[in-house]
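Numbered from 1 within each chain, the chains take letters A, B, ... in sequence-line order.
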Number of protein chains: 2
Amino acid sequence: MLRKVDKHSGIPAYIQIVNMIKAELLLGNLQKGAQLPTVRDLQNIFDVNINTVLKALERLKAEGYIEAEQGVGYFIKRDVDIDQKIIETIRECVSKLKEDRIDLYTAMLIFEEVWKNG
Amino acid sequence: MLRKVDKHSGIPAYIQIVNMIKAELLLGNLQKGAQLPTVRDLQNIFDVNINTVLKALERLKAEGYIEAEQGVGYFIKRDVDIDQKIIETIRECVSKLKEDRIDLYTAMLIFEEVWKNG
DNA sequence: AATAGTGTTATATAATTATATAACACTATT
DNA sequence: AATAGTGTTATATAATTATATAACACTATT
């Protein structure tokens, strides 16, 4: 689901946009051939300047995820398949953590640190 | 564990530093009263300029996690306790995901998206 | 042929992030 | 009193990020 970027997170807006679109690909919400909203719509969806949208799309294009057709639109170039088992593992973990009333930011800090160290 | 920042992640170095130190607090690796390495040591540990270290420490100080004593050093101001159950939940999840050969970046993208949407 | 709806390119400006460097101020030890 | 080891402040510079704005180029429909 594409939504406003968080302007206070410290993470550059164009990186957040890249991440959101990659997440849609991973979850199968955006599939090969699908057309993205127009750059001017994306500008509104993400609540950023058009140039910031273009910077994110440029990055995704360079990484081979999307392609542009001038005068027509942006399209998903390939599916990014992921084992459903992985998604289920993460869903369960998120579900448990939410029961414990922890917030996303804290959860991600621990997640990253445990991954890199533990 | 404090380590070099990732200069290619797109995330500002000072944010990465803040996050790493917060993660240490959450995992109990840094406890109330503990002294941080000197700013000049941190500069080497994180592989950034001293001003970038100071920017991160300033943020942590403003949020009440640490305090500075001029001429002496930086100290942890309070413990950030977290239910061990939460850490165990995350450890198990990370363990499963590593078995599936997924990478951290992909895992975190899914994690965040599932949290905000699923 | 005209037009509405796409993506594309360009210029200017400001804020933020990061580096390099130097000098200063305080504390604890010698 | 001197000194080594801390944090602190200041100045300059460059790259990156983000915005605002305008004009242009291509495609598909009317």
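Counting only heavy atoms from C-beta on, B:Tyr14 has its side chain closest to C:dT17 among D:dT19, C:dT17, C:dT8. When distances run from any side-chain atom of A:Val39 to the nucleotides C:dT19, D:dG7, C:dG7, the shortest one goes to C:dG7. The side chain of A:Pro12 sits closest to D:dA18 out of D:dA18, C:dT19, D:dT8.
Inspection of the B:Thr106 and B:Asp103 side chains reveals an N or O donor paired with an N or O acceptor under 3.5 Å. Looking only at atom types and distance, the side chain of A:Asn19 has a donor-acceptor partner in the side chain of B:Tyr105 under 3.5 Å away.
The nucleotide C:dA18 finds its pairing partner in D:dT13, both defining distances of the Watson-Crick or G-U wobble pair being shorter than 3.5 Å.
The distance between atom CD of B:Glu58 and atom C1' of C:dA18, rounded to the nearest whole Å, is 17 Å. In this structure, A:Leu60 places its CG atom 16 Å from C1' of C:dG7, rounding to the nearest Å.
Atom CD1 in A:Ile11 sits 6.0 Å away from atom CD in A:Gln16 (nearest 0.5 Å).
Among the protein residues, B:Leu57 comes within range of no part of the nucleic acid, since none of its heavy atoms lies under 4.0 Å from any strand.
Sequence order on DNA chain D of the closest nucleotides to B:Asp41 and A:Asp47 puts B:Asp41 first from the 5' end.
Looking at B:Thr52, B:Leu57, B:Leu60 one by one, the single match for side-chain contact (heavy atoms from CB on, under 4.5 Å) with B:Ile17 turns out to be B:Thr52.
For D:dG7, its base sits under 3.5 Å from the side chain of B:Arg40 at one donor and acceptor pair at least.
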